[in-house]
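Below, chain A is the first sequence line, B the second, and so on; all start at residue 1.
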Number of protein chains: 2
Amino acid sequence: MLDVLRHVHLHPQTTRAELARDLGLSRGSAAEILARLRALDLVEETAAEPTGARGRPTRTVRRHERGPVVAAVDVSYESWRLAVAHLGGGLEPLRRERYGGQPAEDVLARISQALREARTAFGPRLRAVGVSMPGTVSGGRLVESATIGWRDVEVAERLRIAPVPVVIGNDATMAGVAEARRGAATGADVALHVAVEVGVGGVVLEHGRATTGSTGAGGEFGHLPFGDPDRPCPCGAHGCWDLEVDGRALARILGAPPPAAPRSAADAVLRRAGEGDPAALAAVDRVARNLGRGIGGLVNALDPRIVTLSGVAAALLDQAGDSVRAAYLSGLMRFRRHDPPPLIRAAFPRDGSLRGAAELAFDTVLSEAGLDSWRADVRPADARPAPETA
Amino acid sequence: MLDVLRHVHLHPQTTRAELARDLGLSRGSAAEILARLRALDLVEETAAEPTGARGRPTRTVRRHERGPVVAAVDVSYESWRLAVAHLGGGLEPLRRERYGGQPAEDVLARISQALREARTAFGPRLRAVGVSMPGTVSGGRLVESATIGWRDVEVAERLRIAPVPVVIGNDATMAGVAEARRGAATGADVALHVAVEVGVGGVVLEHGRATTGSTGAGGEFGHLPFGDPDRPCPCGAHGCWDLEVDGRALARILGAPPPAAPRSAADAVLRRAGEGDPAALAAVDRVARNLGRGIGGLVNALDPRIVTLSGVAAALLDQAGDSVRAAYLSGLMRFRRHDPPPLIRAAFPRDGSLRGAAELAFDTVLSEAGLDSWRADVRPADARPAPETA
DNA sequence: GCGATTATGCTCGTGAGGCGATCATAATAG
DNA sequence: CTATTATGATCGCCTCACGAGCATAATCGC
């Protein structure tokens, strides 16, 4: 039953016959399971459009109009977004606000307010909240963010509305989940996502499942030792890879002071390089090599089938792809070079973290416990109007 | 049923009552499942020794005398071992041979011969073979071994006897499995094992499951970029961590030529350091710091709950623990320092890889498919004598 | 010793969930 | 219009686990 529901979530445009084949279910079982899912307001079935093939036409399976939804929050540099996701992964943007410079408490209060409004609008259909934060997340807390400067902020508890689960994760982790499930790494058994914004984030995904370590802080690849052991990193360690591949690295190589907004600084240098500025070109090339070499090491250590890149990493792949790839190849162990995991641009450069947050939130819905609680809420089977979004 | 069998495997000295409690089974289910397992010659039950407590005494559950076994092979520097493991993890050594310098084909032929003898002795009770190799394993092949010099050797196919599955893995991976399931990292949700012999190997384990990447070559942490980008590594890359923490590093720091047997060379330097030789002490200290710093980076990236160390890494922890730990702490991101994952000596410094190979081999037995095939072999229920080891 | 207490094993009815066979149905092919 | 084809619907069957009630084997207290 869960398998069927998860399959519908991952393949929203499927038919009953296809579904039974993909999951190896008999037609009898499929009929029974789908009847149960229909009774629970989880899916709807309608006659499929004629395919022109012989035989009795199958039925399409779609999410139910009043099925469960989750809220997804993406906090990024100077703005945050809230969206609602339906079964199948469809996103419905609800709100976006800029918050330049406000303290964490105020921003979280605004987000919490927006979540409560969503709860009012969707009622018990809202089953979970997923939150993406631009920094290191450990045990439900944002322990440190180089991007927005927050430090040790209790996010999960702060955004808990009603009794629904709150899932919080690093933005690169979330984006990696989105890539692995519906993006550029779909179907890969093991995928590596590498995101460069301020520093390097990333995640390893096994069959779409993020391996985030024991406290959820896994994937901080930027804080592997890489460069000058005397160069201090804001994280407290020294010589972190972080410092060699982002806007700070570009500025340092160009002899400029440390930028306040490393991501925009990186974009500016990349633009200048695109216009042919030799100093910028040299800096971009050097950083591209640092990126490629580091990714090579990660591939050696983690053995992914594919590597997806986003943010500055994707831009470097576009503008200095040869340098990235050359350093990548020469950083690989020899036996890997004849068939290296490809470096691919992320499919969701803009809203990967939001999508990933929605995916992880939906994971709690598409679980034994999530299904039980939905059953309990739906069982009274009375006409609950459940106000749709106007 | 599988859950019960796995529980027996992991807790060989359990009782029926304990088992039912741990797995949340009703007494009825436990009775039924154990009856089935008994009928399949998988477990035996006997009256438990009196505990002195009130109530009807429970029964002990043990592996069946003629239950399934797996063969475990551990190939290491200049010698290999073969053992047989029973349900519960008990090892029964069968053979050990030295093979200094012989070509891979000859050594594999000897091992294959020993496996066939085991097959003859145990008959259909032998269900799987696990093989630990001292080098990089990818897709069933040993692609490269700095320790024994083999290169691109098809091991899995070469050691296939009869139709039983063959599982092959890197020695550090295998040892990590053993630590996570029955050793120093038992119970950890996420564990990191780091082994230094020739170079660095390791593995991340989630609930005892090794994350070995898409081809099985994951865990080659030694080939992360770490040191001098101009120093070539035999692997083909440059500046690998490998080169900074083993016997080669110690020799280089001491101005000695590259040792032929880096592991023994490391032991020699450690011995001299233990005797107070100042040059050796300085070299050991430097290498200890390289080790600690690298582990710090790995912990940042992978977020384990515990780190187990074996080989030279364990020796360094013994002899230069302060240096290892200091470098480890200063390599950690600041938020981790107040409660860093502990660095622990491996519980199985001698036979971790052998134990791990047995564990992974047993995983194939304790699976749906493995159980089905055992059922098919046992069902005829005739008195199959199945010669026990004399 | 002997009943009371306690923890466990054993048996059996129940229910969930999936499989496969069979029949019914809705499309196309000729 | 009939044959063919693929699917949906229904039903009996099987497996597996649960949980209630009874049986059993130990200790405790007298």
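Rounded to whole Å, the distance from CD on A/Glu32 to C1' on D/dC14 is 14 Å. Following rounding to the nearest Å, A/Leu19 (CG) and D/dG8 (P) show an atom-to-atom distance of 10 Å. Following rounding to the nearest Å, B/Arg38 (CZ) and C/dC10 (P) show an atom-to-atom distance of 7 Å. Going from atom CG of B/Asp3 over to atom P of D/dC16 covers 13 Å, rounded to whole Å. Atom CE in B/Met1 sits about 13 Å away from atom C1' in D/dA17, given to the nearest Å. Rounded to an integer number of Å, the gap from CD of A/Glu45 to C1' of D/dG8 is 10 Å. Atom pair A/Arg56:CZ and C/dT25:P shows a separation of 8 Å (rounding to whole Å applied). Across the protein-nucleic acid pair, B/Leu23 atom CG and D/dC16 atom P stand 16 Å apart, rounded to whole Å.
One finds a salt bridge joining B/Arg181 and B/Asp363 here, because a Lys/Arg side-chain nitrogen approaches an Asp/Glu carboxylate oxygen to under 4.0 Å. At a threshold of 4.0 Å, the pair A/Glu179-A/Arg355 does not count as salt-bridged, since none of the basic side-chain nitrogens sits closer than that to a carboxylate oxygen.
Distance alone, capped at 3.5 Å, is enough to place a donor-acceptor pair between the A/Asp303 side chain and the B/Ser214 backbone. With A/Asp377 contributing its side chain and A/Pro124 its backbone, the two residues share no donor-acceptor pair below 3.5 Å. Using a distance-only test at 3.5 Å, with no hydrogens or angles considered, a donor-acceptor pair links the side chain of B/Arg6 to the main chain of B/Leu366.
Taking the nucleotide of DNA chain C with the nearest heavy atom to each of B/Arg54 and A/Gly28, the more 5' of the two is matched to B/Arg54. The residue among A/Pro57 and A/Ser29 whose nearest nucleotide of DNA chain C lies closer to the 5′ end is A/Ser29.
Between its two ends, the helix from C/dG1-D/dC30 to C/dG30-D/dC1 turns its axis by 0°, counting five pairs per end and rounding to 10 degrees.
The only member of B/Thr60, B/Val61, B/Val4 that meets side-chain contact (heavy atoms from CB on, under 4.5 Å) when paired with B/Thr14 is B/Val61.
Proximity of B/Ser26 to the phosphate of D/dC18: a side-chain N or O atom is located under 4.0 Å from OP1 or OP2. Between A/Arg27 and C/dC19 there is no side-chain polar atom (N or O) within less than 4.0 angstrom of OP1 or OP2. In terms of phosphate contacts, B/Arg16 brings a side-chain nitrogen or oxygen within less than 4.0 Å of OP1 or OP2 of C/dG9.
With distances taken from any side-chain atom of A/Arg36 to the nucleotides C/dC19, C/dG17, C/dT11, the minimum falls on C/dG17.
If you check every strand for non-hydrogen atoms under 4.0 Å, A/Thr58 touches sugar and phosphate atoms only.
If you check the side chains of B/Ser367 and B/Thr364, you find no donor sitting under 3.5 Å from an acceptor.
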